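Letters A, B, ... mirror the listed sequences (proteins, then strands); counts begin at 1. All figures in this text were calculated on a predicted structure; none of them were measured in a lab.
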Number of protein chains: 2
Amino acid sequence: MPNLLLKDLPRYECLLEAAKEFPDLEPSACETFLHLLRGGDESVRVMESNLARHNITQGRFSVLMILLNRCRSNSGTLGPAELADAAGVSRATMTGLIDTLERDGLVTRAPDTVDRRMMLVRLTDKGRALLEEILPEHFKRMSWLMSPLSEFERQTLVQLLNKLHQQASKFPAESPSAAAV
Amino acid sequence: MPNLLLKDLPRYECLLEAAKEFPDLEPSACETFLHLLRGGDESVRVMESNLARHNITQGRFSVLMILLNRCRSNSGTLGPAELADAAGVSRATMTGLIDTLERDGLVTRAPDTVDRRMMLVRLTDKGRALLEEILPEHFKRMSWLMSPLSEFERQTLVQLLNKLHQQASKFPAESPSAAAV
DNA sequence: GGTAAATAGTTAGGCAGCTAACCATAAACA
DNA sequence: TGTTTATGGTTAGCTGCCTAACTATTTACC
């Protein structure tokens, strides 16, 4: 799901110019933000073009990967609510994702006999086989994408992104302008 | 449009473990990639919660910003194809975006008398007023989000993201596995 | 034990992204 | 000049994302 992507980011001088009109615009913050968006988006596109060859999308892929990981530790089943939480989407979205995955035979959905509100989603053999077919190229592309960065640069990038993650997680879910404080 | 987001990224030891099963998995590349995705996604969410208060989405916002920028230099009008290219979406998507923007009175659409295939999209006064209402808080949030990073760290981050951008732009649009070469 | 609150899952309606196909017009070229 | 090709815009149909509202079940609490 590539997001909207500005092809040419504004040059720094333009940001400086715009800052005269909008005193709240901090050019270096804006520049960093736009680069981050573009970087994330382009990376997703590179990976998605691989997934698309197997008729699968980023969203479906994430669900399959979560199930695969949980297989190792737990019983191999998860409820839609847990999946939604792990994947960072709404429960309604997860219902739709599971619908298409089930339709294509990649997961199964069965009612939980203990808690009768719950459904148990499980990766099928077909789903696992699909992942094993996709993953080698998937990981190759990751390596290719990151190949211009040295190990040190990768660590640096992760640290910087972690700082942003820390900050974003502080964001008050509701209060709108309180963020500016 | 927040993309799908893994809430808890796998720990590095898990990546090392998984690399035993998938020899193509390069743990540091994978870790960097996942952090990048999460960082971009979280940042978008912070900004979008502001736009949503004004009943606008990231996609619509981008179109308005492109028009605002072009106003300064050009005649203030752009065709859907140019907009789509600048925003990095398909022409069909842009048609839909302009539809809703026009419905809400934020842009106008008029046929070009010279090239009769073209439409000319123009920002309305209402659209401009909306931007002027949104932008201060928009820029405040950018600054808030980036506030944990020093100027030097921002420069570093931009440089690293630029390297990824260079690499991603090298990506062959069609050939699937040639990327691994 | 019985009512209220919380939780799991789904459904409905809307927007945004995509591809593929289509029509109108313009440009290229024989 | 006339045909072919390219371009601009739209439409149709799909997926995926959201919120809000709904049902069923479980839990909490009086």
Side-chain angles (χ1 to χ4, degrees), chain A residues 1-6 41 44-45 48-49 51-64 77-104 106-107 109-121 173-174, chain B residues 1-6 41 44-45 48-49 51-64 77-104 106-107 109-121 173-174:
Chain A
M1 335 251 81
N3 217 325
L4 202 127
L5 163 68
L6 290 176
D41 205 76
V44 172
R45 291 195 195 218
E48 276 197 326
S49 66
L51 301 180
R53 297 188 305 142
H54 301 277
N55 206 24
I56 210 167
T57 64
Q58 179 70 34
R60 287 202 269 255
F61 178 72
S62 296
V63 175
L64 295 179
T77 62
L78 273 177
E82 296 166 299
L83 279 171
D85 189 53
V89 298
S90 66
R91 295 201 311 269
T93 297
M94 189 51 65
T95 294
L97 286 172
I98 297 171
D99 281 347
T100 64
L101 286 171
E102 191 181 24
R103 184 200 61 193
D104 294 347
L106 304 175
V107 306
R109 194 164 13 188
D112 185 344
T113 53
V114 182
D115 186 338
R116 286 160 61 197
R117 294 171 300 184
M118 293 271 292
M119 298 294 281
L120 297 178
V121 181
E174 272 312 306
Chain B
M1 332 248 81
N3 217 326
L4 202 128
L5 163 70
L6 290 176
D41 204 76
V44 171
R45 292 195 194 218
E48 275 197 325
S49 67
L51 301 181
R53 296 188 305 142
H54 300 277
N55 206 27
I56 210 166
T57 64
Q58 180 70 33
R60 287 202 269 256
F61 178 72
S62 296
V63 176
L64 294 179
T77 63
L78 273 177
E82 296 166 298
L83 280 171
D85 189 53
V89 298
S90 66
R91 295 201 311 270
T93 297
M94 189 51 66
T95 294
L97 286 172
I98 297 171
D99 280 348
T100 64
L101 287 171
E102 191 181 24
R103 184 200 61 192
D104 294 348
L106 304 176
V107 305
R109 193 164 15 187
D112 185 344
T113 54
V114 181
D115 186 339
R116 285 162 59 197
R117 292 172 300 184
M118 293 271 292
M119 298 294 281
L120 296 178
V121 180
E174 272 311 304

Output the single nucleotide from [options] whose closest atom is nearest the side chain of [X].
X: B:Met118; options: C:dA12, D:dG9, D:dC17; result: D:dG9
X: B:Ser90; options: C:dC18, D:dT19, C:dG9; result: C:dC18
X: A:Pro80; options: C:dT10, D:dT25, C:dT19; result: C:dT10
X: B:Thr93; options: D:dC18, D:dG16, C:dG17; result: C:dG17

Legend entry - Salt-bridge contact A:Asp99-A:Arg103 (side-chain N to carboxylate O under 4.0 Å):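 No, no charged N to carboxylate O under 4.0 Å.
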What is the distance, rounded to the nearest whole Å, between atom [atom1] of [X] and atom [atom2] of [N]?
X: A:Asn55; N: D:dG16; atom1: CG; atom2: C1'; answer: 14 Å
X: A:Arg117; N: D:dA24; atom1: CZ; atom2: C1'; answer: 9 Å
X: A:Arg53; N: C:dC18; atom1: CZ; atom2: P; answer: 20 Å
X: B:Asp41; N: D:dC17; atom1: CG; atom2: C1'; answer: 11 Å
X: A:Leu83; N: C:dA8; atom1: CG; atom2: P; answer: 12 Å
X: B:Leu51; N: C:dC15; atom1: CG; atom2: P; answer: 16 Å
X: A:Ile98; N: D:dT15; atom1: CD1; atom2: P; answer: 16 Å
X: A:Arg109; N: C:dG9; atom1: CZ; atom2: P; answer: 10 Å

Can you see if the side chain of [X] gets near the phosphate of [N] - specifically, an N or O under 4.0 Å from OP1 or OP2?
X: B:Thr95; N: D:dT11; value: no
X: A:Arg116; N: C:dA8; value: no
X: B:Arg60; N: C:dC15; value: no
X: A:Thr57; N: D:dT15; value: no

Inset, instruction - Using atom types as modelled and distance alone, determine if a side-chain donor or acceptor of A:Asp112 lies under 3.5 Å from a backbone N or O of A:Val114. - result: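 It does hold such a pair.
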Could you tell me whether [X] contacts a base, only the sugar-phosphate backbone, or nothing, with contacts defined as non-hydrogen atoms closer than 4.0 Å?
X: A:Arg91; answer: base
X: A:Gly96; answer: nothing
X: A:Asp112; answer: nothing
X: B:Val114; answer: sugar-phosphate

Inset, instruction - Heavy atoms only: give me the nearest B:Ser90-B:Ala84 pair and the separation to one decimal. - result: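 For B:Ser90 versus B:Ala84, the nearest heavy atoms are O-CB, 3.8 Å.
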Legend entry - Side-chain heavy-atom pair A:Arg53, A:Ser49 within 4.5 angstrom cut-off: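 A side-chain contact under 4.5 Å is absent here.
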Inset, instruction - On DNA chain C, check which nucleotide each of A:Asp115 and A:Asp99 is closest to and give me the residue with the more 5' one. - result: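 With A:Asp115 and A:Asp99 compared, the 5'-side residue is A:Asp115.
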Inset, instruction - Output the distance between atom CZ (A:Arg91) and atom CG (A:Asp85), rounded to the nearest 0.5 Å. - result: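 These two atoms lie 10.5 Å from each other.
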Legend entry - OG1-CE distance between A:Thr77 and A:Met119, expressed to the nearest 0.5 angstrom: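 Reported value, rounded in 0.5 Å steps: 11.5 Å.
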